[in-house]
Amino acid sequence: MKVKWSKSGIKIDGKGIYFISGEIEYFRIPKEAWSDRLNKLKEANANTVAFYIPWEWHESVEGKYDFTGKTHPQRDLKGWLELCEKSGLYIFPRIGPYIYSEWKLGGIPEWLGKNYPEALCKRVDFEKGGALSAVSPGTISYLNEIYLKHVERWYKNLINLFKKHLNKIIFIQPDNEIGGAVPFDYQEHVLNIYKKWLK
């Protein structure tokens, strides 16, 4: 597949294309209904399927991934991607790490804040004389080194799954509605970046 971007639009293999996408959350639908939902999307004249991939759903325990449905049929991301490709639809995965999507902690694994409290956002607690304290167990500092290392591992796992479907994956969206997730963060590394930006 040869994709060309220009001011006038997108061309695939020399033909102009307009993407009509519908959202199907595979993790919220019984696996036996996946094919039916993809067919309904095509019947609605869509040519692209978009979906979130919740990190917490696939790595609920640190270091233990399930992309094949071993622990739950709706975790079979590998099978879902294969089905999407067979349907003929273009694929638009929305990989997070923060997906929002009304998912607890926005899809970021709960173990991350529990196992690595130093990765949590910090707020100024004026009742304690301006001391810094963690915002909440799930509010991760997005520029924290520990967090970024785990995100890198998450992305590498997804890229390995995507390699077989590059002829159909047309877009990838990292993060979603991130601005509302972390309203402030007073971690030292964040303040240092802000000071550099001010200069």
Side-chain angles (χ1 to χ4, degrees), residues 5 19 21 23-28 48-67 71-72 74-75 77 80-81 91-163 169-199:
W5 298 72
F19 295 101
S21 175
E23 191 86 11
I24 299 179
E25 308 303 0
Y26 65 93
F27 50 88
R28 290 187 169 128
T48 306
V49 58
F51 50 90
Y52 293 112
I53 303 178
W55 180 8
E56 193 275 332
W57 182 236
H58 293 285
E59 192 189 3
S60 56
V61 176
E62 183 177 359
K64 293 184 180 179
Y65 289 93
D66 182 1
F67 294 116
T71 59
H72 192 289
Q74 288 160 227
R75 285 191 172 109
L77 180 58
W80 170 249
L81 289 168
I91 302 171
F92 180 12
R94 303 167 76 184
I95 62 175
Y98 185 84
I99 63 167
Y100 188 53
S101 188
E102 292 69 49
W103 193 284
K104 185 179 178 184
L105 307 181
I108 292 174
E110 198 169 354
W111 55 258
L112 193 60
K114 287 181 178 177
N115 296 355
Y116 306 96
E118 63 273 31
L120 296 172
C121 287
K122 298 287 188 280
R123 66 179 175 90
V124 177
D125 191 336
F126 293 105
E127 290 179 7
K128 295 181 180 176
L132 295 180
S133 61
V135 175
S136 75
T139 312
I140 299 293
S141 176
Y142 290 120
L143 298 173
N144 181 276
E145 192 176 292
I146 293 167
Y147 169 73
L148 291 174
K149 283 181 182 176
H150 284 283
V151 170
E152 184 178 357
R153 192 163 48 92
W154 167 241
Y155 281 174
K156 281 180 179 176
N157 276 280
L158 292 180
I159 295 302
N160 283 333
L161 285 174
F162 294 165
K163 282 178 184 176
I169 294 177
I170 196 67
F171 303 107
I172 293 177
Q173 177 190 323
D175 267 321
N176 181 58
E177 299 185 56
I178 191 172
V182 184
F184 44 74
D185 185 8
Y186 290 90
Q187 279 213 13
E188 188 177 348
H189 64 277
V190 176
L191 294 176
N192 288 337
I193 290 168
Y194 182 59
K195 286 173 188 174
K196 285 179 185 176
W197 178 81
L198 287 173
K199 285 179 185 178

Working for side chain to side chain contact (heavy atoms under 4.5 Å, CB included), residues Phe27 and Phe51: CA-CA 9 Å; Phe27 50 88; Phe51 50 90; 5.8 Å; no
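A distance of 6.0 Å or more separates the ring centres of Phe19 and Phe92.
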Exercise answer: donor-acceptor pairs, residues 99-109 side-chain atoms, under 3.5 Å, sequence neighbours excluded:
{"from": "Ser101", "atom 1": "OG", "to": "Arg28", "atom 2": "NH1", "distance (Å)": "3.1"}
{"from": "Trp103", "atom 1": "NE1", "to": "Glu56", "atom 2": "OE1", "distance (Å)": "3.3"}
{"from": "Lys104", "atom 1": "NZ", "to": "Glu110", "atom 2": "OE1", "distance (Å)": "3.3"}

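A heavy-atom distance below 4.5 Å is not found between the side chains of Thr139 and Asp185. You'll find the side chain of Ile53 reaches within 4.5 Å of the side chain of Trp154, heavy atoms only. Side-chain contact between Ile91 and Ile170 is absent, with no heavy-atom pair separated by less than 4.5 Å. Inter-residue side-chain proximity for Tyr142 and Val190 is flagged as unmet; no heavy-atom pair is nearer than 4.5 Å.
Not one N or O on the side chain of Glu118 forms a donor-acceptor pair closer than 3.5 Å with the backbone of Asn144.
Within 6.0 Å of the OH atom in Tyr194, the count of heavy atoms belonging to other residues, nucleotides or ligands does not exceed 12.
Atom CZ of Arg94 sits about 5.0 Å away from atom CG of Asn176, to the nearest 0.5 Å. Rounded to the nearest 0.5 Å, atoms NE2 (His150) and CH2 (Trp55) are 7.0 Å apart.
Among residues two or more places apart in sequence or in another chain, the side-chain contact (heavy atoms from CB on, under 4.5 Å) test is passed with His72 by Trp57, Gln74, Arg75.
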